[in-house]
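See below for the structure under consideration.
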Amino acid sequence: MSSCPWQIIRKVIQILNKYILPLYGRRRKRHQEVNMAENEKRCVITGLGMINAIGNTVDESWNNCINGVSGIKEVRSIDTGSCYSHMGAEAAPNFDVEAGEDADKMDRVSLLCVKAANEAVADSGIIIDDSNADRVGVVMGSCVGGAVSIQKFFTDKENEEGSEDAADIIKMPIGVIANNVAKLVGAKGVVTNVGNACAASTISIEYACDLIRAGVGDAFIVGGADSFSALAFGGFTALHAIDTEPCSPYNKSKGITLGEGAGALVVESYEHAKARGAKIYCDVLGGGISSDAHHITAPRPDSEGQMNAMKRALANSNVKPQDIDYINGHATGTPLNDSTEIQAMQMIFGDNENTAVDSTKSMVGHCLGAAGAVEAIYTVKALTTNTVPPTIGYSDEDLVNLKEKAGKLDFMPNVKKEKNIEYAMTNNFAFGGNNASVIFSKHEHDIKPLENNKVYVTGFGLVSPVGNSIEAYIEAVKNGGVKAGENGLLASVGTEDYKEHEIKLAFYRKLDKLSQTQVVSGRSCLKNSGVTVNDDNAVDIGMIIGTADGPSTEIISFHEGLIKNGLQAGSAFIFPNTVYNAAGGYLSINSGVKGVNVTLTNGMQSGLQSICYAYNVVRDGEEKMMMACGLDENTDTMKLLYDKLGYFSKDGSAKPYGFNGKEFVLGEGSTSMMLESEASADERGAVKYAEIAGYAMTHEPVCVGTLAGSDAALDKAIIKACENAGISPDDIDGIVGFGDGNTTVDTIEMNSYKRVFSSGKPVFSVKTIVGEARAAAATLQAVHAALTLSGKLPANQNAYVFEDNKDAEITVDTSDYKYMLVTSFAAGGSYTAVVLKKVI
Amino acid sequence: MDAKQTEIAEKIKKILVENLRIPAEELDYEIELFGDGIGLDSIDSLEIIAGIDQEFGVQMTGVAKENFYNIEALSKYVMEHMED
């Protein structure tokens with residue numbers, strides 16, 4: 001902590017006056033000039049569900065929370081004997097949960113999430129059936145996902161090679177959590193997961209509102225979950241960030257106490273809730289998401305990023321700082337986090353007469369990816385019962401110290417308080433420098449009008465097995481790409497890339513291959529788009545990164561260290577890279593972009609879901625530019641996992657649409673695509689390669705890790721995406737498809753096209769060139785479409801046409817193409833379709 | 001540096017290369033590790049402390065900054081505090 005906080009605060013005021021406030025002024029002015037969209041729908045909370053260290057239900061947990069009951073005890077689920085701290089806030093070891101026939105296919109993280117989701121759905125009274133399932137989605141956040149299953153798999157493998165269970169592999173990724181919930185509740189709308197570590201589930205709430213306001217769905221079950229894990233405990237132990245005593249944030253803590261649990265909220269459009277006579281807890285107004293562009297674990301000393309998130313939430317909610325009666329803080333308990341957060345709140349709310357701030361983490365610990373949801377639920381309960389929970393752990397001496405730093409803020413030491421609350425805010429900040437704030441209101445309140453911008457593709461960045469530029473990809477399309485070997489297809493980033501973008505060794509050596517790949521791809525995208533990031537535009541640029549497998553290699557490498565050397569000996573160097581949003585965080589740090597920064601994960605199609613999310617952000621006017629990215633890697637670890645599942649093509653011979661087995665050629669890389677508002681693109685004279693005309697995300701719940709039986713969802717995705725683009729499916733000129741060589745996958749795709757289109761459409765394949773690069777391939781499919789529509793690729797291209805249950809390869813002339821469709825899938829039954837339109 | 005210190009320095013260099021992904025060719029015993037040289041930060045220092053504890057059984061938590069200046073300084077500290 002600094003010895004002279006006032007100097008820092010003065011400096012922050014200077015920065016604010018110089019850079020931030022003018023930007024907000026300009027942003028607001030811009031809104032007055034545009035046509036208002038009909039998309040400022042009221043979003044309301046109609047259901048709550050929760051499990052954590054102080055309760056298995058919302059009522060139990062809330063009652064304990066307001067009475068200051070601590071859930072922090074000696075850790076029991078993992079052996080912490082070798083570590084310097086033994087404190088944790090674990091949920092009940094066993095709990096009743098209706099998880100259906102797939103219960104044994106779920107990691108503890110999914111069971112916790114399902115438990116909370118079931119409660120929230122029951123609480124809301126929503127009946128999900130054929131009449132509305134397509135309009136109900138699930139968005140869940142997590143930090144460590146199936147870390148317990150990862151630990152089990154690799155411990156088994158270490159103890160006896162070959163004894164590891166392939167069934168554990170499908171429990172590992174974050175990506176399966178929302179699918180597990182969707183299958184149980186029968187949701188068939190947008191299904192995805194947010195991987196932004198400790199801000200993940202806060203973002204899930206905001207994204208649900210975005211989707212409702214975009215007309216994409218009527219109700220969403222959102223929130224998140226994390227289980228107590230060796231990964232998190234070993235990681236924070238390595239960082240010396242765990243307190244030996246129960247944490248008491250904003251007070252005297254020297255670190256966090258890890259928790260676990262899940263929180264789920266039903267976010268619904270007011271119209272939908274009203275029509276079914278639902279009980280309404282409160283309104284969700286606006287949210288704010290920002291990136292620090294500073295450090296992978298430490299917050300900015302000037303608190304700018306945290307303040308940006310809070311100010312965005314206030315501006316988007318159309319409320320003033322003095323309107324906020326209660327803030328549920330992020331409040332982790334590390335001295336640096338607490339002091340920068342207090343500084344941020346003092347800057348924005350310090351003049352308020354009566355703003356209450358608390359840390360419910362003092363009772364439930366840091367639930368990581370579930371923290372945002374758990375704390376949002378406490379915020380909603382506080383708002384609706386006019387009761388602010390306490391922050392526990394203050395001694396008499398602490399109370400004296402508190403007076404010095406509290407100013408006018410009321411930090412609620414030790415005892416709850418009854419007070420009238422009209423507006424409440426909850427904040428969460430994550431590794432990677434991601435910040436998220438969201439505001440709840442007791443009453444209807446008009447939010448800031450949203451824009452309705454046209455969105456164009458204005459640039460590309462690529463790291464791929466055929467080279468690290470769009471030119472290299474175009475060449476590869478012309479000459480058929482490279483031949484896969486026994487390790488599949490591999491991309492590489494190296495000295496030349498770092499030199500080109502002036503990325504220093506001191507920076508890139510810290511990154512795992514996945515993050516290095518994304519940084520180079522993102523920097524290339526900015527360069528290719530002609531964008532130089534500076535103080536004026538940094539907050540106008542953001543990114544959505546989609547990834548199927550995230551940093552699995554780094555996560556597993558960290559686990560192997562724990563298994564080999566003990567829980568006390570985890571690598572402080574590797575741990576920060578194990579969060580799914582590390583790649584996005586590093587790109588923000590390296591490029592300086594400070595806008596919306598979200599990582600989505602739900603299988604291969606994550607690389608198209610990133611486009612849908614980024615499109616929304618630009619269309620609504622939240623950012624001028626968004627990089628939509630897809631990212632996945634092919635390493636020995638990924639090879640091991642895909643081989644164990646029987647998908648890895650060992651001789652590189654598997655071909656998309658070959659219909660002769662379940663294997664595919666594993667590829668890797670990162671694809672980044674710049675999406676930009678028409679006004680921004682025109683203002684700076686950017687090249688417009690294509691327009692994003694429409695999209696749809698659908699789901700047909702099937703058994704986790706499988707796809708068969710989900711065909712109907714692909715049909716719906718295509719039909720809806722065309723509908724949203726204002727065209728009929730038959731207006732589509734060509735499709736960039738997702739077939740990868742796995743017969744189940746390719747057959748579902750082929751049959752869907754036969755049902756949806758009245759005549760055979762040419763299907764282009766990027767996976768014949770870069771392999772099954774998962775999310776990277778999905779985004780590349782959209783890039784391929786944009787390059788085709790803009791004439792950057794040769795007009796004559798090879799394509800597949802499906803007839804009589806087999807495919808024929810033909811050459812087609814694309815020069816008159818006006819609309820192209822891009823499709824992708826995820827195991828579990830999720831599909832995304834995007835329509836791109838030629839710019840005339 | 002005598003033979004014993006050189007041997008320790010070589011092991012520390014290996015820790016830096018393997019645990020902190022610093023290319024071996026960038027490292028000699030004199031180059032400044034933090035600040036302008038290799039650009040290590042506080043997380044790296046945790047990793048160095050853990051690596052030295054594991055390799056030599058020498059505790060460096062809370063030890064003065066100058067002992068982390070370069071590999072030579074680290075190896076000197078380790079040599080002076082190693083139990084034979």
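The structure displayed is predicted, hence computed values, not measured ones. Protein chains get the first letters and strands the later ones, always in sequence-line order, with residue 1 at the start of each.
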request  = State, to 0.1 Å, how close B:I43 and A:P576 come at their nearest heavy-atom pair, and which atoms those are.
outcome  = CD1-CG, 4.0 Å

ask   = Given that the side chain runs from C-beta out, which part of A:L505 has a heavy atom under 4.5 Å from chain B: side chain, backbone, both or neither?
value = side chain

task = May I ask you to check whether over 12 heavy atoms, not counting those of B:E25, lie within 6.0 Å of atom CD?
result = yes

task = Verify the neighbour count for atom NZ of A:K254: are there more than 12 heavy atoms of other residues, nucleotides or ligands below 6.0 Å?
result = no

inquiry  = Is B:I49 in contact with chain A via its backbone, its side chain, both, or neither, using a 4.5 Å heavy-atom distance?
reply    = neither

task = Looking only at non-hydrogen atoms, find the nearest pair between A:I574 and B:R21 and report the distance.
result = CG1-NH2, 4.3 Å

Name of the residue among B:N19, B:D44, B:I48 meeting side-chain contact (heavy atoms from CB on, under 4.5 Å) with A:F573 = B:D44

task = Would you mind checking which part of A:K504 comes under 4.5 Å of any heavy atom in chain B, side chain (CB onward), backbone (N, CA, C, O), both or neither?
result = neither

ask   = Would you say A:D636 has more than 12 foreign heavy atoms packed within less than 6.0 Å of its CG?
value = no

key: Under 4.5 Å from a heavy atom of chain B, the part of A:A298 involved   = neither

ask   = Relative to chain A, which segment of B:D41 carries a heavy atom at a distance below 4.5 Å: side chain, backbone, both, or neither?
value = both

ask   = With a cut-off of 6.0 Å (strictly less than), are more than 12 heavy atoms of other residues, nucleotides or ligands near CD of B:E80?
value = yes

query = Between A:R509 and B:P23, is there a donor-acceptor pair closer than 3.5 Å when you use the side chain of the first and the backbone of the second?
reply = no

message = Counting neighbours of NZ on B:K76 that are heavy atoms of other residues, nucleotides or ligands and sit closer than 6.0 Å, is the number greater than 12?
response = no

message = Rounded to the nearest 0.5 Å, what separates atom CG in B:L46 from atom CZ in A:F575?
response = 12.5 Å

ask   = What residue, out of A:H240, A:K510, A:Q568, has the most heavy-atom pairs lying under 4.5 Å from chain B?
value = A:K510

ask   = Roughly how far, to the nearest 0.5 Å, is OG of A:S571 from CG of B:L20?
value = 8.0 Å

